[in-house]
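As structure tokens, the structure follows; a few thoughts come after it.
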There are 2 protein chains.
Amino acid sequence: MCPIRDIVARISDKWSVLAIYGLGGYGKLRFNELKHKIGDISQRMLTVTLRNLEADGLITRTIYPQVPPRVEYELTELGHSLMQQLQLFAEWATKNGPEIIYYREKANKVIKDRIA
Amino acid sequence: MCPIRDIVARISDKWSVLAIYGLGGYGKLRFNELKHKIGDISQRMLTVTLRNLEADGLITRTIYPQVPPRVEYELTELGHSLMQQLQLFAEWATKNGPEIIYYREKANKVIKDRIA
DNA sequence: CAGTATCCTCGTTGATACTG
DNA sequence: CAGTATCAACGAGGATACTG
């Protein structure tokens with residue numbers, strides 16, 4: 001319905017963000033290189049995520065007809081634009097994250113106290 | 001592990017964003033007022049979402065000891081700060097959303113063509 | 001190497017019913 | 001009014017095995 005809600009849904013996906021960050025920070029990457037940068041992503045989810053990002057015009061997928069296969073992923077201009085937005089948000093999170101964590105732990109403590 | 005990832009996870013939640021937007025746009029709101037603004041959220045999910053946001057110090061929850069009960073929710077300063085970040089992102093989405101939608105539909109078309 | 005195909009689990013969500 | 005409690009369903013996501 002709402003277009004913004006639609007975009008946010010795709011963007012807010014954990015794996016999408018990590019993939020974009022990976023490509024944004026290192027430029028062109030092969031499948032397993034990116035997988036290694038992200039670390040704890042399954043092969044399946046990386047494939048799905050990359051296909052979605054490609055369908056949205058955020059990354060390009062270049063296949064080199066070799067054996068063994070070589071596929072490289074890279075942010076498009078649109079992808080870089082999004083990356084910059086994410087970067088802005090990351091700065092906010094870095095600055096305000098500790099305060100949120102502080103409140104969150106304080107709330108947890110209350111719960112623990114109730115149990116005890 | 002990563003604190004940013006942690007914050008993003010909470011922020012990227014669909015209902016959290018909509019609740020923050022509701023409170024950001026209308027100021028102080030009662031439970032059912034907010035529920036109505038959001039529209040398609042279940043009572044349960046609104047309760048859960050608001051509790052989480054409260055625990056993170058993003059909103060305040062004020063109970064007025066009356067019958068029937070009256071509870072008001074409002075963004076904290078931290079919540080407003082986050083709201084501004086979301087606003088920035090919304091602007092980006094408004095500007096670039098159509099392009100993403102365009103690519104996405106084009107990709108869907110290809111898939112449909114393959115099936116046909 | 002870069003996937004695809006399958007299965008299976010686990011968490012999130014929604015519906016429903018009840019309450020201070 | 002503003003919840004809480006419970007349950008059931010659904011789908012995202014992980015593990016594994018196979019392939020061009």
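Here is how names work: the chains are called A, B, and so on, in the same order as the sequence lines, proteins then strands, and each is numbered from 1.
- In this structure, of C/dG3, D/dT4, C/dG14, it is D/dT4 that holds the atom nearest to the side chain of B/Thr47.
- To the nearest angstrom, P of C/dA2 lies 14 Å from CD1 of A/Ile59.
- A single hydrophobic cluster is not seen to contain both A/Leu50 and A/Val48; linkage of ILVMFWY side chains at heavy-atom distances under 4.5 Å, directly or through other members, places them apart.
- For the helix from C/dC1-D/dG20 to C/dG20-D/dC1, the end axes, each set by the C1' atoms of five terminal pairs, are bent relative to each other by 50° (nearest 10°).
- A donor-acceptor contact shorter than 3.5 Å links the side chain of B/Thr94 to the backbone of B/Ala90.
- Here A/Gln66 lies out of heavy-atom contact (under 4.0 Å) with every strand.
- Atom pair A/Ile38:CD1 and D/dG14:P shows a separation of 11 Å (rounding to whole Å applied).
- Side-chain atoms of B/Thr47 come within 3.5 Å of backbone atoms of B/Gln43 as a donor-acceptor pair (strictly under, hydrogens ignored).
- Nucleotides of DNA chain D nearest to B/Asn32 and A/Lys14 differ in position, and the one nearer the 5' end is that of B/Asn32.
- What you find for A/Thr49 and A/Ala19 is that their closest heavy atoms are CG2-CB, 4.3 Å.
- Judged by closest nucleotide on DNA chain C, A/Pro69 is the one of A/Pro69 and A/Arg44 placed further toward the 5' end.
- Nearest to the side chain of B/Met45, among D/dC1, C/dC1, C/dT13, sits C/dT13.
- By the 4.5 Å heavy-atom criterion applied to side chains, B/Tyr103 and A/Glu54 are not counted as neighbours.
- Between A/Arg70 and C/dG3 there is no side-chain N or O to OP1 or OP2 distance below 4.0 Å.
- Rounded to a whole Å, the CG atom of A/Leu46 is 14 Å from the C1' atom of D/dG14.
- For the side chain to side chain contact (heavy atoms under 4.5 Å, CB included) with A/Leu29, the qualifying choice from A/Glu72, A/Glu74, A/His36, A/Lys37 is A/Lys37, the only one to do so.
- What separates CD of A/Gln43 from C1' of D/dT19 is a distance of 12 Å, to the nearest Å.
- For A/Leu50 and C/dG3, the CG to P distance is 7 Å, given to the nearest whole Å.
- Between A/Leu46 and A/Leu34, some side-chain heavy-atom pair lies under the 4.5 Å cut-off.
- Comparing C/dA2, D/dG13, C/dG14 by their closest approach to the side chain of A/Val71 singles out C/dA2.
- Within 4.0 Å of B/Asp40, counting heavy atoms only, lies no atom of the nucleic acid at all.
- In this structure, A/Ile20 and A/Leu53 have side chains that are in contact, with non-hydrogen atoms separated by less than 4.5 Å.
- The side chain of B/Tyr73 places no N or O atom within less than 4.0 Å of a non-bridging phosphate oxygen (OP1 or OP2) of D/dC1.
- Ranking C/dA2, C/dT4, D/dT4 by closeness to the A/Arg30 side chain, first place goes to C/dA2.
- We find that CD1 of B/Ile41 is positioned 12 Å from P of C/dA15, with the value rounded to whole Å.
- With rounding to whole Å, B/Ile63 atom CD1 is found 7 Å from D/dG3 atom P.
- What separates CD of B/Glu54 from C1' of D/dG3 is a distance of 13 Å, to the nearest Å.
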